[in-house]
Amino acid sequence: MKNKLKIKIFIVLFFFNIIQNKANTDEIIFNTKNLDIVNNGNTIKAGLGHILSNKDNIKIKAESFNYDKISSLIKADKAFVELKDKKINIKADKIIYNSKLSTINAIGNVQITKLENKAIIKSDNIFYQKEKEIISSIVKSVLIDRHGNNITSDSFIFTLINNEIKITNAQIKDINNNVYYLEKGFVNLTTDQLTGKDVSIDFANDYFNANNQPRLKGRALSHNNNETIIEKGIFTTCKKNDDCPPWQFLAKEIVHDKKKKLLIIKMLC
């Protein structure tokens with residue numbers, strides 16, 4: 001009888017320890033000036049300070065917090081988020097952190113900084129999903145890469161695993177003031193490679209007559225810091241508002257060598 005009793009107590013304590021460990025792993029730690037627990041313990045209101053999530057390895061600094069335990073939502077005003085394992089910081093007017101789903105919605109004057117690549121993303125609304133390892137936005141956003149190239153996109157999906165950003169209906173102004181327009185494209189922050197389709201380029205008019213407006217259209221684009229390659233391209237230097245039909249030529253491939261400042265043409269056969 002005593003042996004059976006010992007076994008039962010052991011089993012209860014074993015499961016109690018499991019529950020305790022899980023609670024410690026999922027807990028939210030508040031380190032703030034003020035902390036009020038209301039609504040029968042279901043709501044925590046806190047002032048200036050920071051919170052830590054052990055489960056998601058996230059630190060949020062803010063002027064104020066409101067934690068609804070029932071919905072698992074933490075709302076933070078004037079917030080700064082550190083995604084420690086991703087080496088990403090997010091600053092926004094408002095942060096909504098779902099501790100159960102491990103998601104973050106950043107709203108208003110959002111700025112994302114990728115520390116490893118010194119890339120910055122500015123937007124009015126972004127959504128982070130830890131499980132899928134993506135940051136996305138369906139509103140117009142701006143990406144500034146480590147070289148100073150400026151990319152404006154109607155929407156984006158940033159896949160953290162491969163450090164690649166998918167852009168849609170994008171306008172890109174490079175450090176040489178050339179302007180690219182892409183229907184869809186991908187930017188790799190590690191390799192500085194840009195690829196896309198249905199592209200047009202307005203070149204900076206540094207090497208043509210002032211009356212010229214050099215531009216290029218193509219089916220596909222491959223671009224890095226040294227060269228831009230356009231497949232099935234059409235090139236002209238005529239102004240867009242000229243009354244006469246502009247001259248142009250078709251090419252299988254057009255290569256813009258940025259260092260040599262040359263256009264290399266591979267004509268259609």
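Between I28 and Y97, the closest side-chain pair of non-hydrogen atoms falls below 4.5 Å. The shortest side-chain heavy-atom distance between F158 and I126 does not fall under the 4.5 Å cut-off.
Not one N or O on the side chain of T159 forms a donor-acceptor pair closer than 3.5 Å with the backbone of I157. Judged purely by atom type and a 3.5 angstrom limit, S53 uses its side chain to pair as donor or acceptor with the backbone of D56. The backbone N or O of L115 sits nowhere less than 3.5 Å from a side-chain atom of T113 that would complete a donor-acceptor pair. In this structure, D145 contributes its side chain and A119 its backbone to no donor-acceptor pair below 3.5 Å. Side chain of S153 to main chain of A170: no donor-acceptor pair is present (N/O by atom type, distance under 3.5 Å, no hydrogens or angles). A donor-acceptor contact shorter than 3.5 Å is absent between the side chain of N176 and the backbone of N178.
Listed here is the closest heavy atom pair of V199 and I201: CG2-CG1, 4.1 Å. Taking both residues in full, the closest heavy atoms of S123 and V139 are given as OG-CG2, 3.4 Å, listed atom of the first, atom of the second, then distance. Taking each heavy atom of K45 and V38 in turn, the nearest pair found is CE-CG2, 4.5 Å. In plain terms, the two heavy atoms of D124 and N109 that are nearest each other are OD1-N, 3.6 Å. Minimum interatomic distance between I175 and H147 (heavy atoms only, all atoms of both residues): CG2-O, 3.0 Å. Minimum heavy-atom separation, L189 to D192: O-OD1, 3.9 Å.
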Could you walk me through whether I88 and I135 pass side-chain contact (heavy atoms from CB on, under 4.5 Å), step by step? CA-CA 11 Å; I88 290 176; I135 298 174; 4.1 Å; yes
What verdict does the side-chain contact (heavy atoms from CB on, under 4.5 Å) test give for K78 and D93, after you've listed the backbone C-alpha separation in whole Å, the side-chain angles of each residue and the deciding distance to 0.1 Å? CA-CA 4 Å; K78 301 296 180 184; D93 291 341; 3.5 Å; yes
side-chain contact (heavy atoms from CB on, under 4.5 Å) between V110 and K122, worked out: CA-CA 6 Å; V110 182; K122 296 181 179 181; over 6 Å; no
Mind running side-chain contact (heavy atoms from CB on, under 4.5 Å) on N105 and N125 for me, showing each step along the way? CA-CA 7 Å; N105 186 197; N125 196 313; 2.9 Å; yes
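Put simply, CG on D85 and NZ on K87 are 10.5 Å apart, with the number rounded to the nearest 0.5 Å. Note: E183 CD to S200 OG = 11.0 Å, rounded to the nearest 0.5 Å. Between Y128 atom OH and K86 atom NZ the span is 5.5 Å, to the nearest 0.5 Å. Interatomic distance, F127 CZ to I107 CD1, rounded to the nearest 0.5 Å: 10.5 Å. The CD1 atom of I165 lies 12.5 Å from the CD1 atom of I134; values are rounded to the nearest 0.5 Å. Residue L221 holds its CG atom at 12.5 Å from CZ of F186, rounded to the nearest 0.5 Å.
The environment of NZ in K59 is crowded: more than 12 heavy-atom neighbours from other residues, nucleotides or ligands sit within 6.0 Å. Surrounding CZ of R219 are at most 12 heavy atoms belonging to other residues, nucleotides or ligands under 6.0 Å away. Within a 6.0 Å sphere centred on NZ of K184, other residues, nucleotides and ligands contribute 12 heavy atoms or fewer. Other residues, nucleotides and ligands contribute only 12 or fewer heavy atoms inside 6.0 Å of the NZ atom of K75.
Under the 4.5 Å side-chain heavy-atom criterion for ILVMFWY residues, a single connected hydrophobic cluster contains both I51 and L35. Under a hydrophobic-cluster definition in which Ile, Leu, Val, Met, Phe, Trp and Tyr are linked whenever side-chain heavy atoms come within less than 4.5 Å, directly or via other members, F156 and I120 are assigned to different clusters. Hydrophobic clustering, with ILVMFWY side chains joined whenever heavy atoms are under 4.5 angstrom apart, groups I74 together with I37. The hydrophobic cluster containing I104 also contains F30, counting ILVMFWY residues as joined when their side-chain heavy atoms lie under 4.5 angstrom apart, directly or transitively. Under the 4.5 Å side-chain contact rule for hydrophobic residues, V142 and I138 do not share a cluster.
Counted by atom type alone, D68 and N42 present zero donor-acceptor pairs between their side chains at under 3.5 Å. K55 and S102 form a side-chain donor-acceptor contact under 3.5 Å, judged by distance and modelled atom types alone.
Residue I151 forms a side-chain contact (heavy atoms from CB on, under 4.5 Å) with just one option from I172, L182, I144, and that option is I172.
A salt bridge links K114 and E116; the closest N-O separation between the charged side-chain nitrogens and carboxylate oxygens is under 4.0 Å.
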